[in-house]
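Presented below is the structure to which this report refers.
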There are 2 protein chains.
Amino acid sequence: MTLTAGESRDAIGSEELEVWRMLQRAQVRITRLLEADLMVAHDLALASYDVLNQLAESPGRRLRMNDLAERVLLSRSGLTRLIDRLQRDGLVEREACASDARGLFAVLTDAGADRLAEAAPTYLRGIRSRFLDVFDEDELRQCAAMLNKLFPEAAG
Amino acid sequence: MTLTAGESRDAIGSEELEVWRMLQRAQVRITRLLEADLMVAHDLALASYDVLNQLAESPGRRLRMNDLAERVLLSRSGLTRLIDRLQRDGLVEREACASDARGLFAVLTDAGADRLAEAAPTYLRGIRSRFLDVFDEDELRQCAAMLNKLFPEAAG
DNA sequence: GCTATGTAGATGCGTGTGCAACGTTCTAAG
DNA sequence: CTTAGAACGTTGCACACGCATCTACATAGC
């Protein structure tokens, strides 16, 4: 590290830091593998899958742009473009919001639901083989507990 | 989910899937917080920090472009541009490789080392407060063990 | 020595992202 | 009713990334 000064107490045990770095690496690598799976098998980016999935899980297969952006961890502008693409491909439609003229719903089309249903097995198989299958039940429980400590508010 | 067919056994317990999704969210959100910290305090992107850090940890403060790209999870082309920027800012230099005329070393400059030393406390404080401090020793050990199961080869 | 195959790094191109700014609509204060 | 401020979604812009391609060099086979 070659830290010069001011690190009297910040000289964290490298092992602890290493945990974070390994987590980073693991998450990035698995995510890329999942995305590659989806791309070759279904020509679907992971972000697109997430959007379709979120919509499918929502009542009326629809979500306000803003809510959707939060759930898929995208900026509003990023989601605008992504929905543009999905709409161009017929997987999603925009629909006006009756109660708020500023708002728009992103709505999953039948084609979008079909596409999601096609891709879901690939996605699930990927997560299973690359993540879930590696651990036993206790470990997954431990993991879930730790994640809940990290983000208590994300318990939805 | 509205899965249609072919999912006889793929109907994973939603809880298991949720573990992966929470991990994804946690990792992305923490990473963005760390990056924001570095940007406002030191005008340094996280990828740049990682590069400087990797170089600082390497013998002779230097690494071949290829090796470096692997360690920071970047494509070769991505690293080429990033090193371009860091070189423009005087934090890194390119140096020919004696034993292989194709090869280049990315070498950390003194200015780069200084910049890293400035930013390190911010980075460490961020990881500590947003990740390490949330857990006790046992949990971190558990976490490390699980990560080693995920990527046995990444035990460096 | 000469050719074929492979590797290191750089570059053209297309794509996807976030930030800042904008128009529109909602809400609150007077 | 009018007006100030906030919220929703889109757009202009710049930037960072990966893929495919390219050049230069290395290595193996003959």
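So that the names make sense, note that chain A is the first sequence line, chain B the second, and so on, each numbered from 1.
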Discussion item. From C-beta outward on Leu104(A), which listed nucleotide comes closest to its side chain: dG9(C), dA26(D), dT10(D)?
Written reply: dT10(D)

Worksheet item: Are Arg32(A) and dG18(D) close enough that a side-chain N or O sits under 4.0 Å from OP1 or OP2?
Response: yes

Worksheet item: If you check the Ala47(B) side chain, which of dG9(D), dC17(D), dT17(C) turns out closest?
Response: dC17(D)

Worksheet, complete the sentence: When rounded to whole Å, the CG to C1' distance for the pair Leu68(A) and dC8(D) reads 14 Å

Enumerate all atom pairs, one protein N or O and one N or O from nucleotides 13-16 of chain C, separated by less than 3.5 Å.
from    : atom 1 : to       : atom 2 : distance (Å)
dG16(C) : O5'    : Arg85(A) : NH1    : 3.4

Fill in: Atom-pair distance (CE on Met65(A); C1' on dG18(C)), nearest Å
15 Å

Item to complete: Could you pull out all residues at least two apart from Phe131(B) that satisfy ring-ring contact (aromatic ring centres under 6.0 Å, His included)?
Response: Trp20(A), Phe135(B)

Worksheet entry | Spacing between Glu70(A) atom CD and dC8(D) atom C1', to the nearest angstrom | 13 Å

Worksheet item: Does Ala98(A) or Ser75(A) map to a spot on DNA chain C nearer the 5' end, using the closest nucleotide for each?
Response: Ser75(A)

Worksheet item: Roughly, in whole Å, what's the span from CG in Leu82(A) to P in dG9(D)?
Response: 15 Å

Fill in: Phosphate-side-chain proximity, Arg76(A) and dT11(D), N/O vs OP1/OP2 below 4.0 Å
no

Item to complete: Check the distance between dC15(D)'s C1' and Arg88(B)'s CZ and give it to me in whole angstrom.
Response: 11 Å

Worksheet item: Rounded to whole angstroms, how far apart are CG on Leu74(B) and C1' on dA8(C)?
Response: 16 Å

Fill in: Heavy-atom check, side chain of Leu34(A) versus side chain of Ile30(A), under 4.5 Å
yes

Practice prompt. Provide, to the nearest angstrom, the distance between the CG atom belonging to Asp84(A) and the P atom belonging to dG18(C).
Written response: 14 Å

Fill in: Sub-4.5 Å side-chain heavy-atom contact between Leu79(A) and Val51(A)
yes

Discussion item. When you group the ILVMFWY residues by side-chain heavy-atom contacts below 4.5 Å and let the links chain together, are Leu23(B) and Val134(B) in the same group?
Written reply: yes

Practice prompt. Please tell me which of the listed nucleotides, dA20(C), dC26(C), dG6(C), lies nearest to the side chain of Ser77(A)?
Written response: dA20(C)

Worksheet entry | Joint cluster assignment, Met146(B) & Leu150(B), ILVMFWY side-chain distance < 4.5 Å | yes

Worksheet item: Hey, is the side chain of Arg102(A) pairing donor to acceptor with the base of dA7(D) inside 3.5 Å?
Response: yes

Worksheet item: Any donor-acceptor pair under 3.5 Å joining the side chain of Thr80(B) to the base of dG9(C)?
Response: no

Worksheet item: How many angstroms lie between CG in Asp67(B) and CZ in Phe105(B), if you round to the nearest 0.5 Å?
Response: 8.5 Å

Practice prompt. Take the protein atom CG of Leu86(B) and the nucleotide atom P of dA10(C), then report the distance between them rounded to whole Å.
Written response: 13 Å

Item to complete: Would you kindly confirm whether Leu52(A) and Leu46(A) end up in one hydrophobic cluster when ILVMFWY residues are joined by side chain heavy atoms under 4.5 Å apart?
Response: yes

Worksheet, complete the sentence: For Asp37(B), the side chain to side chain donor-acceptor pair (under 3.5 Å) test, sequence neighbours excluded, returns Arg130(B)

Fill in: Per Ala101(A) side chain, nearest of listed nucleotides dA10(C), dC26(C), dG9(D)
dC26(C)

Worksheet item: With a 4.0 Å cut-off on heavy atoms, is Asp100(A) in touch with a base, just the backbone sugar-phosphate, or nothing at all?
Response: sugar-phosphate

